[in-house]
Each structure stands twice: as structure tokens, then as C-alpha cells.
Number of protein chains: 2
Amino acid sequence: MTDALEPSPKTDGFAVMLREAGLRVTSQRMAILRTLSSAEDHPTAEEIAGKARGSDASISHATVYRTLSVLEELGLIRKLSLENSPARYELCGDDDHGHIVDVGDGTIIEFEDEAMSARHQAIAADLGYEVVRCVTIIEARKKPGPV
Amino acid sequence: MTDALEPSPKTDGFAVMLREAGLRVTSQRMAILRTLSSAEDHPTAEEIAGKARGSDASISHATVYRTLSVLEELGLIRKLSLENSPARYELCGDDDHGHIVDVGDGTIIEFEDEAMSARHQAIAADLGYEVVRCVTIIEARKKPGPV
DNA sequence: GACTAGATGAGAATGAATTGCAATATCAAG
DNA sequence: CTTGATATTGCAATTCATTCTCATCTAGTC
């Protein structure tokens with residue numbers, strides 16, 4: 001009963017999307033997608049490689065990088081370039097959400113904010129642009145305040 | 001009349017800030033600061049090195065990188081980590097402004113938006129954080145609009 | 001002018017990400 | 001189910017940005 005390897009409705013959807021984009025559905029790609037899908041945090045390429053190797057034999061890191069950029073272009077995942085550290089990845093819908101990075105311990109908290117997203121759209125529109133993607137990173141320090 | 005090399009009130013201010021931070025005022029640091037101060041765009045470290053070499057002899061790229069991080073910690077400049085390209089730098093006050101990156105040609109447009117900055121503060125505060133710095137990058141595509 | 005800690009230059013080293021190429025595997029067609 | 005065309009992979013070597021090492025130099029001080 002290795003149901004970790006069973007196709008789930010979620011990962012099945014990935015396979016369909018890959019095929020529709022004219023791409024082949026390989027075990028490596030599915031392993032990477034499955035890894036991202038079960039990740040609570042925002043793993044780096046190497047972290048993804050490590051976990052993906054758990055479910056599929058020996059995935060080379062070249063494949064991880066190649067797959068990640070394919071998936072990014074496909075719009076299935078999002079890449080997050082942080083200062084002074086390797087890029088991190090997350091599955092995504094097409095929502096515009098931001099990240100708070102705790103400068104103390106590196107914790108990343110996601111948030112969504114309608115007002116902020118609306119401003120992004122408006123600002124871009126004012127300048128004659130249409131938004132492709134937004135990256136918001138708020139580096140912040142935990143306030144000593146009352147719990 | 002090589003007034004490009006004259007100390008300007010602006011660059012003088014830099015010297016004071018360096019000294020106040022207990023750092024030495026070197027010709028390399030001033031050349032880099034002068035370069036940034038006269039840059040209209042957001043140059044990369046290597047572009048800065050190139051231009052700075054124009055005003056000061058042979059500045060090594062190690063020095064450029066070292067100086068840039070010193071200046072960043074000092075809060076005099078800001079580093080902008082973009083996807084798939086070297087970091088870019090800009091002089092900065094402590095304002096929270098964003099950048100629109102034209103996905104077509106790479107043009108970077110700066111903007112300020114009170115409402116957006118206010119949201120950043122509020123969002124962080126809600127989660128018990130105080131903002132250190134914000135990075136907003138809106139990747140956008142030029143609208144075919146009427147011109 | 002001399003001293004000393006901080007700063008620099010040159011180049012080697014690191015680490016993330018990309019690429020070339022031969023081997024392999026997917027998927028459509030028979 | 002077998003085959004063939006070709007997309008994809010693994011491996012290793014490579015690129016590129018950035019950092020580090022260390023001997024030399026220099027700003028700031030006395």
C-alpha cells in the first residue's frame with residue numbers, strides 16, 4: 001500500500017497540464033511536482049532535489065533546474081529570488097501574494113492582501129502596463145511586543 | 001574644469017556618513033558613490049565597476065562588491081535581486097518604492113505609492129513584525145494601448 | 001613623518017544554475 | 001506489443017555572479 005506513489009487527483013491534474021502543453025509526463029517531473037505539492041515551506045532547488053530523490057530514484061540536479069524552469073514558464077510554479085540565498089519555489093495559482101521574510105531567522109510567511117494587489121494592478125495600468133506577475137518581499141523584524 | 005571630480009554637496013554628504021559610521025573615506029568608495037549618484041538607471045555591480053574605473057584608476061571588482069555591501073548595510077544604497085540576472089543597485093533614501101520590470105525589454109520603472117507602502121506597514125504590523133525593507137517588483141507587459 | 005587598523009587588488013575559490021552530449025524513455029503510430 | 005522519432009535525462013564540465021585569502025597599501029591619528 002504505497003499510496004504515496006498513487007496518482008492523486010491533484011498530481012493527475014499536473015500530468016494533464018504537462019500533456020496539454022505538449023510536454024512529456026516523466027517520473028522526474030511528477031516527483032518534483034509531488035514534492036512541491038506536499039511542501040509546506042518554500043524549498044530551494046537542492047531541497048527539492050533531495051526530497052524528490054526519495055520518491056523517484058536518482059534525479060540529477062540538472063533535471064531539477066530544467067524542470068523547475070519549465071514548470072515556471074508553464075505557470076505552475078513560482079520562483080522567488082531572495083537576497084543572498086538560492087531561489088525558492090512554490091506551487092501557485094495565479095494569485096498575487098506577498099512574503100514576509102524574518103530577518104532574524106529567515107522564516108518566510110505568506111500573505112494575501114486585496115488592497116495591495118489592487119494597487120499593483122492600478123499602478124501598472126497607470127503606466128500603460130498589464131501585470132504579468134508580482135513579487136513582494138517585506139523584510140521585517142519580529143516586534144518585541146506583547147504576545 | 002574637471003568638475004566631475006569636484007566634491008559636490010551630495011557626495012560630501014556621503015563622506016560624512018561614512019566617517020560617522022566609523023568607516024574610512026577612500027577614493028574607491030567615493031568613486032562608487034559618485035557613479036551611483038549620477039546613474040539614471042539601476043546598474044549592476046559590474047556596470048558600476050566599469051564606470052567607477054573611469055573616475056578612479058583601477059578599482060577591483062572585489063572592492064566594488066565589498067563596497068556595495070558596506071553601503072547597503074549603511075542604508076545608503078539598495079540592492080535589487082531580479083530573477084535570472086545579476087543584482088542591481090540604486091542610491092536610496094528610506095522610502096519604500098517599487099519597480100516595474102518590463103518583461104519585453106527589461107526596462108525598469110520606479111514608482112512610489114502611499115497606499116501600497118501603508119499596506120506593507122499594516123500587514124507586517126498585523127503579524128507582529130516591523131518593516132526593515134520592502135521589495136516590490138511588478139513584472140509587466142506593455143499594453144498595446146493608443147499612443 | 002611614523003604607526004596601525006582598516007581597505008584594497010589580484011586572483012583563486014565557491015556556489016548556484018546552465019549546457020553539451022550520449023544514453024534513455026515517452027508516446028504516437030503501426 | 002513493437003517500433004521509431006524525438007523529448008528528456010544524467011553526468012560532467014562550464015559559466016557567471018559573488019566571496020574569500022592574503023600580501024600590500026593607505027586613511028586617519030599622534
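Throughout, protein chains are lettered first and strands after them, A, B, ... in sequence-line order, and every chain is numbered starting at 1.
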Would you check, one step at a time, whether the test side-chain hydrogen bond (donor to acceptor under 3.5 Å, both in side chains) holds for H97(A) with E112(A)?
CA-CA 5 Å; H97(A) 66 264; E112(A) 272 181 76; 5.6 Å; no

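- The CD1 atom of I32(A) sits 13 Å away from the C1' atom of dG10(D) (whole-angstrom rounding).
- Taking atom CD1 on I59(A) and atom P on dT24(C), their separation rounds to 18 Å, with Å as the unit.
- Cluster note: V132(B) groups with V103(A) through ILVMFWY side-chain heavy atoms spaced under 4.5 Å, whether in direct contact or through intervening members.
- Straight-line distance from the CG atom of L18(B) to the P atom of dG6(C): 15 Å, rounded to whole Å.
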What are the atom names and distances for every N/O pair under 3.5 Å that joins the protein to nucleotides 12-15 of chain C?
none

Show the numbers, then the answer: is there a side-chain contact (heavy atoms from CB on, under 4.5 Å) between L76(A) and M17(A)?
CA-CA 9 Å; L76(A) 277 175; M17(A) 296 193 70; 3.3 Å; yes

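- Grouping Ile, Leu, Val, Met, Phe, Trp and Tyr residues whose side-chain heavy atoms lie under 4.5 Å apart, directly or via other members, places V135(A) in a hydrophobic cluster with L80(A), L82(A), V101(A), I108(A), I137(A), L80(B), L82(B), V101(B), I108(B), V135(B), I137(B).
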Would you list the protein and nucleotides 28-30 of chain D atom pairs, both N or O, that sit under 3.5 Å from each other?
{"from": "dG28(D)", "atom 1": "OP1", "to": "V25(B)", "atom 2": "N", "distance (Å)": "3.2"}

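- Between the CD atom of E83(B) and the P atom of dA17(D) there is a distance of 16 Å, given to the nearest Å.
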Expected list for residues 18-29 of chain B: side-chain donor-acceptor pairs under 3.5 angstrom, two or more places apart:
{"from": "T26(B)", "atom 1": "OG1", "to": "R29(B)", "atom 2": "N", "distance (Å)": "3.2"}
{"from": "S27(B)", "atom 1": "OG", "to": "D56(B)", "atom 2": "OD2", "distance (Å)": "2.8"}
{"from": "R29(B)", "atom 1": "NH1", "to": "R24(B)", "atom 2": "O", "distance (Å)": "2.8"}

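- Of the residues in residues 62-80 of chain B, those lying under 4.0 Å from DNA chain D by heavy-atom distance are A62(B), Y65(B), R66(B).
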May I have the list of side-chain donor-acceptor pairs in residues 58-66 of chain B shorter than 3.5 Å, sequence neighbours left out?
{"from": "S60(B)", "atom 1": "OG", "to": "T63(B)", "atom 2": "N", "distance (Å)": "3.2"}
{"from": "S60(B)", "atom 1": "OG", "to": "T63(B)", "atom 2": "OG1", "distance (Å)": "3.1"}

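- Taking atom CG of residue N84(B) and atom C1' of nucleotide dT18(C), one finds them 11 Å apart after rounding to whole Å.
- Shown here are the side-chain contact (heavy atoms from CB on, under 4.5 Å) partners of K79(A), two or more places apart in sequence or in another chain: E72(A), S81(A), A87(A), Y89(A), E83(B), N84(B).
- No engagement by S27(A) is indicated, since no non-hydrogen atom pair under 4.0 Å with the nucleic acid exists.
- Remark: Q121(A) engages no residue in a side chain to side chain donor-acceptor pair (under 3.5 Å) (not counting sequence neighbours).
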Candidate pair H99(B) and E139(B), rule side-chain hydrogen bond (donor to acceptor under 3.5 Å, both in side chains), full reasoning:
CA-CA 8 Å; H99(B) 299 86; E139(B) 290 180 29; over 6 Å; no

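- Evaluation of the side-chain contact (heavy atoms from CB on, under 4.5 Å) rule for A115(B) yields R119(A), D113(B) as partners, not counting sequence neighbours.
- Per the geometry, CG belonging to D56(A) stands 16 Å off P belonging to dT24(C), to the nearest Å.
- Between S37(B) and T35(B) the shortest side-chain heavy-atom distance does not fall below 4.5 Å.
- Side chain of R29(B), nearest nucleotide from dT19(D), dT8(C), dC11(D): dT8(C).
- Phosphate contact (OP1/OP2 of dG9(C), side-chain N/O of Q28(B), threshold under 4.0 Å): present.
- No more than 12 heavy atoms of other residues, nucleotides or ligands shown are found within 6.0 angstrom of CD on E114(B).
- Each end of the helix from dG1(C)-dC30(D) to dG30(C)-dC1(D) gets its own rotation axis from five pairs of C1' atoms, and the angle between them is 30° to the nearest 10 degrees.
- With sequence neighbours excluded, no residue forms a side chain to side chain donor-acceptor pair (under 3.5 Å) with S38(B).
- Salt-bridge annotation for K142(A) and D102(A): present, with a side-chain N of the basic residue lying under 4.0 Å from a carboxylate O of the acidic one.
- S58(B) comes within 4.0 angstrom of sugar-phosphate atoms only, judged by non-hydrogen atoms across all strands, and of no base.
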